[in-house]
Amino acid sequence: MTLNHLKQAVLEANLDLPRHGLVTFTWGNVSGIDKEQGLVVIKPSGVSYDKMRISDLVVLDLQGNRVAGELRPSSDTPTHLALYRRFPELGGIVHTHSTHATAWAQARRAIPLLGTTQADYFHGAVPCSRLLTPAEVEADYEGHTGTVIIETLGDVPPLTLPGTLVANHGPFSWGKDAHEAVHNAVVLEEVARMAWITLSLAPQAQPLPDYLLEKHYQRKHGKHAYYGQPA
Ligand SMILES: O=C(CO)[C@@H](O)[C@H](O)COP(=O)(O)O
């Protein structure tokens, strides 16, 4: 994919955020990475989606040096860059304040794995990070937001758990590219809403048994996946 194709894909992915009802005002951002060139394309900070143009996008290297674009990059850029540096398998990252996922993050609760919808995408509960410390906020708030996400994932391959909640902040999602990252952000918001309603109806609701988790997760993502149509 050329850099211009990546810019177009990242623009489209950002415009998909309001299309899918994931953002209010400018409360979200999407980036994508050209792994060969080590360049990240990200949304400009504070620019409304209906006014966003491809020329507004900002291009940076993985150390955060501007390569192209005049506007300030998203305020969450250091978080995106920290995740790309730590997880080379990521091709796209999304951050939103989508209502239900943000509510679970504000409650500092992982979204339990209660159903097969979540098991189709997440190989377990959607974890919630710890709260950043005052020293971390003081030193590098957005960079350390990446730190707590990386800590929360530990050795879990990120594409098997394509999203995490940052305590008292909101969800970050990712995928093999920007489009898939937005798809996973939509799923995260949906399963957050489903889990909230489920636990309202049945506070004693139990997690999905492992045999059903594996069935659903592997049929979409396993070596012998058979969901959908062959590529
Ligand atoms: O988390 C926040 C604000 O709390 C940010 O995600 C903004 O909501 C989006 O910022 P920009 O990408 O426009 O800088």
Side-chain angles (χ1 to χ4, degrees), residues 1-23 25-98 121 140-147 149-150 153 157-164 166 170-189 221 231:
M1 179 185 283
T2 66
L3 193 58
N4 277 336
H5 283 129
L6 178 60
K7 285 181 177 179
Q8 188 58 47
V10 169
L11 176 66
E12 275 309 303
N14 275 280
L15 300 183
D16 279 342
L17 296 182
R19 287 175 189 147
H20 289 294
L22 289 179
V23 294
F25 302 132
T26 64
W27 301 349
N29 40 69
V30 187
S31 69
I33 184 170
D34 177 328
K35 296 180 186 178
E36 280 164 28
Q37 299 190 68
L39 296 177
V40 172
V41 178
I42 195 163
K43 162 202 167 199
S45 182
V47 174
S48 59
Y49 303 98
D50 57 2
K51 296 186 175 63
M52 202 175 291
R53 301 286 175 267
I54 199 163
S55 55
D56 296 331
L57 299 178
V58 185
V59 184
L60 309 115
D61 65 20
L62 282 169
Q63 283 64 47
N65 302 302
R66 181 192 300 271
V67 171
E70 305 299 321
L71 301 180
R72 281 183 183 160
S74 165
S75 52
D76 295 303
T77 297
T79 308
H80 289 238
L81 296 178
L83 296 177
Y84 284 126
R85 288 192 299 266
R86 172 66 184 78
F87 301 118
E89 58 266 58
L90 300 189
I93 296 170
V94 174
H95 168 52
T96 75
H97 288 218
S98 61
Y121 292 87
D140 177 5
Y141 174 52
E142 293 81 9
H144 284 307
T145 296
T147 302
I149 294 172
I150 291 164
L153 280 170
L159 292 179
T160 68
L161 213 54
T164 291
V166 176
F172 282 78
S173 306
W174 42 81
K176 68 178 185 314
D177 55 32
H179 175 73
E180 185 179 270
V182 171
H183 186 102
N184 289 329
V186 173
V187 171
L188 204 166
E189 172 60 15
H221 307 280

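Residue indices begin at 1 and follow the sequence shown. The figures here come from the full heavy-atom set of this structure, side chains too, leaving out hydrogens, waters and symmetry mates. Since the model is a prediction, treat every value here as computed from it, not as a measurement.
Residues His221 and Tyr121 have side chains that never bring a donor and an acceptor to within less than 3.5 angstrom of each other. When only modelled atom types and interatomic distance are considered, Asp50 and Ser48 share a side-chain donor-acceptor pair under 3.5 Å. For the residue pair Asn29/His80, the side-chain donor-acceptor check at 3.5 Å is satisfied.
At least one side-chain heavy atom of Pro158 sits under 4.5 Å from a side-chain heavy atom of Leu90. Between Val41 and Leu3, some side-chain heavy-atom pair lies under the 4.5 Å cut-off. Put simply, the side chain of Ile93 does not reach to within 4.5 Å of the side chain of Val30, judged on heavy atoms.
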I would like to know whether His97 and Val23 meet side-chain contact (heavy atoms from CB on, under 4.5 Å); could you show each step before the answer? CA-CA 6 Å; His97 288 218; Val23 294; over 6 Å; no
Assess whether side-chain contact (heavy atoms from CB on, under 4.5 Å) is satisfied between Leu22 and Val186, documenting all intermediate values. CA-CA 7 Å; Leu22 289 179; Val186 173; 3.7 Å; yes
Determine, stepwise, if the pair Val94 / Leu17 fulfils side-chain contact (heavy atoms from CB on, under 4.5 Å). CA-CA 9 Å; Val94 174; Leu17 296 182; 4.0 Å; yes
Passes side-chain contact (heavy atoms from CB on, under 4.5 Å), Trp174 versus Asn184? Steps please. CA-CA 7 Å; Trp174 42 81; Asn184 289 329; 6.0 Å; no
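Heavy-atom neighbours of Gln63 CD from other residues, nucleotides or ligands within 6.0 Å: above the threshold of 12. Atom CZ of Arg19 has more than 12 heavy atoms from other residues, nucleotides or ligands within 6.0 Å.
The backbone N or O of Pro88 sits less than 3.5 Å from a side-chain atom of Lys35, completing a donor-acceptor pair. Remark: side-chain polar atoms of Lys43 are not paired, donor with acceptor, to backbone N or O of Met52 under 3.5 angstrom. Listed for the Asn14 side chain is a donor-acceptor partner under 3.5 Å among the backbone atoms of Val10. In this structure a side-chain-to-backbone donor-acceptor pair under 3.5 Å is present from Asp61 to Asn65. Side-chain atoms of Arg86 do not come within 3.5 Å of backbone N or O of Ile150 as any donor-acceptor pair.
Taking each heavy atom of Pro73 and Ser45 in turn, the nearest pair found is O-CB, 3.3 Å. For the pair Gly64 and Leu81, the tightest heavy-atom approach, listed with the atom from each and the gap, is CA-CD1, 3.5 Å. Minimum interatomic distance between Pro44 and Val47 (heavy atoms only, all atoms of both residues): CG-CG2, 3.6 Å. Contact record, Ser173 with Ala185: OG-CA, 3.4 Å, taken as the closest heavy-atom pair. Nearest heavy-atom pair, Ala178 versus Ser31, reported as atom, atom and distance to 0.1 Å: CB-O, 4.0 Å. Taking every heavy atom of both residues into account, Glu189 and Ser98 meet most closely at OE1-OG, 2.8 Å.
Ion pairing of Lys7 with Glu12 is absent here, as no side-chain N (NZ or NE/NH1/NH2) approaches a carboxylate O to less than 4.0 Å.
Distance check: Ile54 CD1 to Asn4 CG gives 6.0 Å after rounding to the nearest 0.5 Å. Distance check: Ser74 OG to Leu57 CG gives 11.5 Å after rounding to the nearest 0.5 Å. Annotation: the span from Leu188 atom CG to Thr96 atom OG1 amounts to 8.0 Å, rounded to 0.5 Å. Within the model, atoms CG of Leu11 and CZ of Arg53 stand 8.5 Å from one another, a figure rounded to the nearest 0.5 Å. Here Tyr84 contributes atom OH and Ile33 contributes atom CD1; the two are 6.0 Å apart, rounded to the nearest 0.5 Å. In this structure, CG in Asp140 is found 5.5 Å from NE2 in His144, a value given to the nearest 0.5 Å.
Taking the six-membered ring where tryptophan is involved, the planes of His95 and Phe172 are essentially parallel, since the angle between them stays under 30° and well short of 60°. The aromatic rings of Trp27 and Phe25 sit perpendicular to each other, their planes meeting at more than 60°, with 30° as the lower class boundary.
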